[in-house]
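Heads up: the structure comes next, in structure tokens.
Along the sequence shown, the residues carry numbers beginning at 1. Every number for a ligand or one of its atoms is a count from 1 in the order of the listing.
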Amino acid sequence: MEEAVLCERQKEVKQLEETKAGVKGLVDSGVAKLPTIFVHSLHTNSAKDDNSCHGINQPQVPVIDLRGLADHDETMNENVPRKEMVKELKEAAEKWGVFQIINHGVPFDVLDDMLEGVRRFHEQPQELKKDWYSRDHTRKVAFYTNVQLTAHIPVDWRDTLRCGNLQKPDHDESIPHVCRREIGYYSKHMLRLRELMSELLSEALGLDSDHMTRLGCLNSMNLLCHYYPVCPQPHLTMGTVEHADSSFITMLLQDKIGGLQVLHDDHNEWVDVKPVRGALLVIIGDFMQLISNDKMKSVKHRVLATKGDRARVSIACFFNSDDKLKPYGPIKEIVTENDPPRYKQTTYLEYLAHYYRVFGFSPLPHFKTNII
Ligand code: OGA
Ligand code: NI
């Protein structure tokens, strides 16, 4: 690339970083034309239009109703629906790598308040918000735009508030005051729902209910509270570029604006994840694919830049092992002579190093055994 272009880009990054106001700051300043660092390649744009799946015949991400499991409904015969649900979940995790759950026991007002609280954080006066702006990974809470702003261009039309590893979320003073109560309640519910998901996923793999808990797969929880400002040229950029999550699982809450799409491999099409009131989206991440020996698949997803007149809010809750040095490989109770391990053992640290090395591509092939 020409040096002048590189120079221009570095200048744009530096300017944006110095405002400590993120993408929302650009919008507030009245920008009508995107700075070049936000312009995604022609390839991305044509992909966006060509194989997006439109119309009423669009396949839908499966919705799984957990009524009776999460809310401890005594009137239901526990065993029958549970088996059914596990079957549905297994099929969805195999075929789609993603599914929505409803009646999961997190009350509507907790979900609504969380979305509002996160919106309030991002929409508060810049004078107050800028103190949270940081790229320091050791900080428990930080606000930034694009985690890889300097290393990966083009960048996305999105700002993020990150809340790392909240163990006692309802007493955590490090959370910004404008959304502390909401993040506290929401996180407590996420920690509770984690137990149920851990059991159901273990059962879907044909294992004892407590198997994944014993492996410590979901011990750590990190929240990314995203804000997707309305974009003046949405066709030129992305809200979140195509990726798969590195987690074991991610639970995602989105408001009703829409824009999230998942890649449905059967048809190689991008399918809209239609906002469903009160639903949470469960995304299978790379580590889940790895330990399940490809029985569950980590799904590619992306977010289109926000059109219309209202910014989009979403909260991604990542569950991972809390031990970055613990080796994980295909679960030995799953592999057989006919279906030997497809992956070598790896640690989260090693995996993550590779994730960033090949950013934008799947790091999983790197860890494959040469059996298949
Ligand atoms: C993510 C992600 C989607 C969204 O944070 O990894 O895919 O809707 N987010 O914000
Ligand atoms: Ni994601």
Practice prompt. Show your reasoning for whether side chain to side chain contact (heavy atoms under 4.5 Å, CB included) applies to Asn222 and Asn320.
Written response: CA-CA 8 Å; Asn222 287 288; Asn320 256 316; 5.7 Å; no
Short N or O separations between ligand 1 and the protein, below 3.5 Å:
| residue | atom | partner | partner atom | Å |
| --- | --- | --- | --- | --- |
| ligand 1 | 5 (O) | His226 | NE2 | 2.8 |
| ligand 1 | 6 (O) | His243 | NE2 | 3.1 |
| ligand 1 | 6 (O) | Asp245 | OD1 | 3.2 |
| ligand 1 | 7 (O) | His243 | NE2 | 3.1 |
| ligand 1 | 7 (O) | His301 | NE2 | 2.9 |
| ligand 1 | 8 (O) | Arg312 | NH1 | 3.0 |
| ligand 1 | 8 (O) | Arg312 | NH2 | 2.9 |
| ligand 1 | 10 (O) | Tyr228 | OH | 2.6 |
| ligand 1 | 10 (O) | Ser314 | OG | 2.5 |

Compare all side-chain heavy atoms of [X] with those of [Y] and state whether any distance is below 4.5 angstrom.
X      : Y      : answer
Ile315 : Val313 : yes
Asn293 : Ile331 : no
Thr336 : Asp339 : yes
Val63  : Ile102 : yes
Val230 : Val27  : no

Practice prompt. Angle at the Ni ion (ligand 2): provide the value between OD1 of Asp245 and NE2 of His301, rounding to 10 degrees.
Written response: 90°
Fill in: For the Ni ion (ligand 2), the closest N/O/S atom belonging to His243
NE2
Item to complete: Report the residue from Phe318, Tyr328, Phe287, Phe248 that forms a ring-ring contact (aromatic ring centres under 6.0 Å, His included) with Tyr348.
Response: Phe287
